[in-house]
Amino acid sequence: MMHLRIVVLWACVLFFLFICPAAADVEASRNSVVAIDAPGVEQLTREENCPIFISIMTSRCGACRSELTAYQEMYEKYGDEGLGIFVVSIDFGTSEEIQGLVDQLGLTFPVYWGGEKVMKAFNISFVPYKIIVSNGRVLEKQIGGWKSTSEFEAKINELFEACER
Amino acid sequence: MVDIRRLIQTVSVFLCNAWMLFPFTKNIYQGELKSVCVPGLNCYSCPAATGACPLGSLQTFFAGIRPSFRTGSYHLGLYVIGMLGLVGGLVGRMPCAWVCPFGFMQELLHKIPSRKMEIPRFLSWVKYGVLALFVILFPLVIVDVFGYGENWFCKYICPAGTLEAGLPLAFLQPHLRELWGALFYGKLAILVLLLVLMVYTRRPFCRVLCPLGAIYSLFNKVSVFRMVYYPDRCVRCDECYRNCPMGIKFYEGANQSDCIRCLQCMRKSCKYGAIGFSINGVATIVPGPKEKTEAVSG
Amino acid sequence: METKGSLVSYALVLLFLVLLVAGINAGEASVVWEKAITICLSCIGVG
Ligand code: SF4
Ligand code: SF4
């Protein structure tokens, strides 16, 4: 009786472990995650784009992951008009996890990996953490992401108005 | 006199939450100590926390198991499982009574004078459901497009998280308050409900909901440290039941799954020496029947 | 009967000790650390 239960339990565990999806096939035109340091992130705020949204996140944060789709959607829509989207992962130790996310969703905007160093330099203890820049000026630096894609889109449009072109 | 258990509990609260600079840094403690799980339920997002929460960490591993296979790191959570099993294998559910800050708070709240009531017994089974579903199964199987699950227990239930992290952080970082939504108010409702129940009934969270207690309780009957019952001495006076923080009738079984080995019954309640404990199968204290000094005078 | 019980507990303790060490060797401590010091908003009920 006891044994049976244990066997069933282990069977379940193994089942869920191994039916997990195999590694996504990686195309040749892979968007490689680039390593970045703290000054590099500072540099991002001085890019020519307007407005600029920088999101600092970790792969294991659900709220951060769910934002990536919104970022991709908006990037496809407004990327040509000058919108800048930069995602910086601060996963500890390795960039493999964030690279996995990029490959899976086929993200096309630039994604960086800063690791613990960027976390320490920016004194980050909450993810997602976003930095919003317009006309070379940092408007907001704050905890938390976007409630919905539409909220994000409204913000983009609001900031587009103010961009000097 | 200061009760030794109260003393240890108090010390433990301060050890688990020793980062007292948070009102100034407006931030949490981020040192290396946080790679070690504490044995009790103590939210690691608490600004003062100095250790990691075993349940939160466990869910994190389960939720990230597919990506970890993908990247070839094969993190199965053995670190946390091993730590929990080690503690459980040695002392069973003892941490609940001696070091768990959340348990301590429940005992203190219960001291508020009021009409006391008892929880229906079958509710103790609920915590195994919470463990199986919210801590293990949901994080493992309900995954997003990336193959990551979520910390279901932390996200939807954990009252310790709301109390120790959700509320204080909202005051340290006012911006967080703007993000409060249905999720937060739901968790707040769970917390408030439990806080009220804690006054009226003994350790409601431990007995009904706590998945950590559920894990440790599996070890109660096989741990190195075990309670021992001497039936010939017991007179069924029910004194043990009256003082037990978990509402257990000791004579119904020496190592019931809800017994947290607080030793209250052995040290304080039983006048007849019917309760003892054993280490490694050897009864270390075989209490003789205590003299009924107060009882005889007449 | 007493001895048998204690053998089981020793076996358990040993088993979990091995798991613990295996976990540490696999570098799991740093995962715990990461999760404990970069707070994900879902842990505090706001996301
Ligand atoms: S207090 Fe002692 S004698 Fe009284 S019921 Fe409990 S175990 Fe039996
Ligand atoms: S039975 Fe005794 S040791 Fe167990 S929880 Fe109750 S009072 Fe504590």
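The structure presented is a predicted model; accordingly, all values stated were derived computationally and were not measured.
Considering OG of A:S66 and OH of B:Y148, their distance stands at 13.0 Å, rounded to 0.5 Å.
The closest donor-acceptor contact from the side chain of B:Q30 to the backbone of A:I124 lies under 3.5 Å.
Highest contact tally toward chain B, considering only A:R60, A:M119, A:Q142, is held by A:Q142 [criterion: heavy-atom pairs under 4.5 Å]. Note: B:D144 leads B:L176, B:D144, B:V143 in heavy-atom pairs under 4.5 Å with chain A. For the set B:H175, B:Q173, B:E178, the count of heavy-atom pairs under 4.5 angstrom toward chain A peaks at B:H175.
Surrounding CH2 of B:W180 are more than 12 heavy atoms belonging to other residues, nucleotides or ligands, all under 6.0 Å away. Enclosure of atom CD in A:E48 is not indicated, since only 12 or fewer non-hydrogen atoms of other residues, nucleotides or ligands lie within 6.0 angstrom. For B:Y185, the OH atom sits in a packed shell: over 12 heavy atoms of surrounding residues, nucleotides or ligands are nearer than 6.0 Å. Residue-environment remark: CZ (A:R46) exceeds the threshold of 12 foreign heavy atoms within 6.0 Å.
Neither the backbone nor the side chain of A:T69 comes within less than 4.5 Å of any heavy atom of chain B. With a threshold of 4.5 angstrom between heavy atoms, B:S45 does not approach chain A through any atom at all. For B:I136, no part lies near chain A; criterion is any non-hydrogen pair under 4.5 Å.
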